[in-house]
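The next block holds one structure in the form of structure tokens; read it before the comments.
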Amino acid sequence: MDTSSNKKNKFSEADVDSLLTNFFLDEVPVEFREEPTTAVASSSANSTRTAWAVMATTAAALMFAVIVFQSTGSTPQGGHDGHSMANTSLIPADTVTPVTDRIQTEEGTVEMKTWLTKEQDTESGTDLTGIHFELEFDLEPDTVDPDEEEANDDSSSRLKDHEDSTIAPDVE
Amino acid sequence: MSNEQSERPATLEEMYKNQGRELWALFYAHCSDPERAQDALQESFLRLQAHKGEPIRDPRAWLLRVGRNWLRDVARRKSSSTKPSDRLDDMAGKRSIDPSSQLVGSEMKQHVRDALGELKPEDREVLVLRYAIGWSSNRIAETLQSTAAAVDMRLSRARRRLATILEESGFRNGHI
């Protein structure tokens, strides 16, 4: 009797625990790997996902960078569009819990959080929806390049434009 | 009229977002096949979207029943021909790191799937809810209308049974 190989083939509950944990890491489809958060208006979420997927590909060389865009703060105070921060108040109770997505690229992982907030123009009383993005890049270190960082800055401002364009009055 | 039509897809999408993960896990517990579980999920939602009869009181239970029935039908039709092609698809869909290690990994996974398939459905269900989607015992208990203590006992029993099945099938500790 080969007792050493018998012992090697024995599984404890802890072994099974570890085995199943590793097994299901790949077994679960990507879209179900994280707990869903509160539902977000579908059209906004879809357009946001498309935008960030493009961004993630463009900016894939940036390492461990965190870029936060907040639509509420993107318009300068006293801005010509009349929606300056001075006239806008955030209503935290209507903040929708972020939706988190991950994209696995050849260079590494990109994680995006998207969430909505309800704002109100205090002059006109118009309800506004703010779309917020938070991108986190966790990429291979050998891909950092100053030129590409500049390119990323350009694409960041493009995202900002996109973000501003999505602010629209709520449909009652 | 147009309001109703525009609101219904949003409700479906919310349901998919909020319940799709749990339903996928329960379908997986039924078939031990991630892709087929996802097909069952999509099929059940498509049928819900196309449903035109009486309003459905409990959409989650309805989706679960439709998905499980669909899985049973598929299993009857494909019982003898799916395994080899599934394995090939599995390999073809993965990142190409090293073909030989991929083959080994794929076989190991199939081994665990087969072992899970030998468990009692209720044991498999708790293991999938715990390990695939990381639910706590309390949450599993809520879904299965049981108690956390009973879920813990069932989890422990299921792990021991799985260990026995793996040992008996010659699966070696440390393979995954």
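These figures come from a predicted structure and were not determined experimentally. Here is the naming used below: chain letters follow the sequence lines, and residue numbers restart at 1 for every chain.
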Q: Give, as side chain, backbone, both or neither, the part of Leu41(B) having an atom under 4.5 angstrom from any heavy atom of chain A.
A: side chain

Q) If you check every heavy atom in residues 116-130 of chain B against those of chain A, which residues fall under 4.5 Å? A) Leu116(B), Leu127(B), Val128(B)

Q) Heavy atoms under 4.5 Å from chain A: which residues of residues 134-154 of chain B carry them? A) Trp135(B), Arg139(B)

(Q) Please report the interatomic distance NZ(Lys109(B)) to CG(Asp26(A)), rounded to the nearest 0.5 Å. (A) 4.0 Å

**Q.** Closest-packed option against chain B by number of heavy-atom pairs under 4.5 Å, given Arg33(A), Glu34(A), Glu13(A)
**A.** Glu13(A)

Q: Any chance you could measure Tyr131(B), atom OH, to Leu25(A), atom CG, to the nearest 0.5 Å?
A: 12.5 Å

Q | Nearest-0.5 Å distance, CZ of residue Phe23(A) to CZ of residue Arg113(B) | A | 5.5 Å

Q) Less than 4.5 Å apart, any side-chain heavy atom of Leu162(B) and any of Leu20(A)? A) yes

**Q.** Under 3.5 Å donor-acceptor, Arg21(B) side chain and Phe32(A) backbone
**A.** yes

(Q) Would you compute the distance between atom CG of Asp17(A) and atom CG of Leu155(B) and round it to the nearest 0.5 angstrom? (A) 9.5 Å

Q) Counting distance only, does the side-chain N/O of Glu27(A) pair as donor-acceptor with the main-chain N or O of Pro34(B) below 3.5 Å? A) no

Q: Give, as side chain, backbone, both or neither, the part of Ser156(B) having an atom under 4.5 angstrom from any heavy atom of chain A.
A: both

Q. Hey, are the side chains of Val28(A) and Tyr28(B) touching, using non-hydrogen atoms and a 4.5 Å cut-off?
A. no

Q) Would Tyr16(B) and Ile56(B) show up in the same hydrophobic cluster when neighbours are defined by side-chain heavy atoms closer than 4.5 Å? A) yes

Q: Tell me, for Glu31(A) versus chain B, whether the close heavy atoms (under 4.5 Å) come from the side chain, the backbone, both or neither.
A: side chain

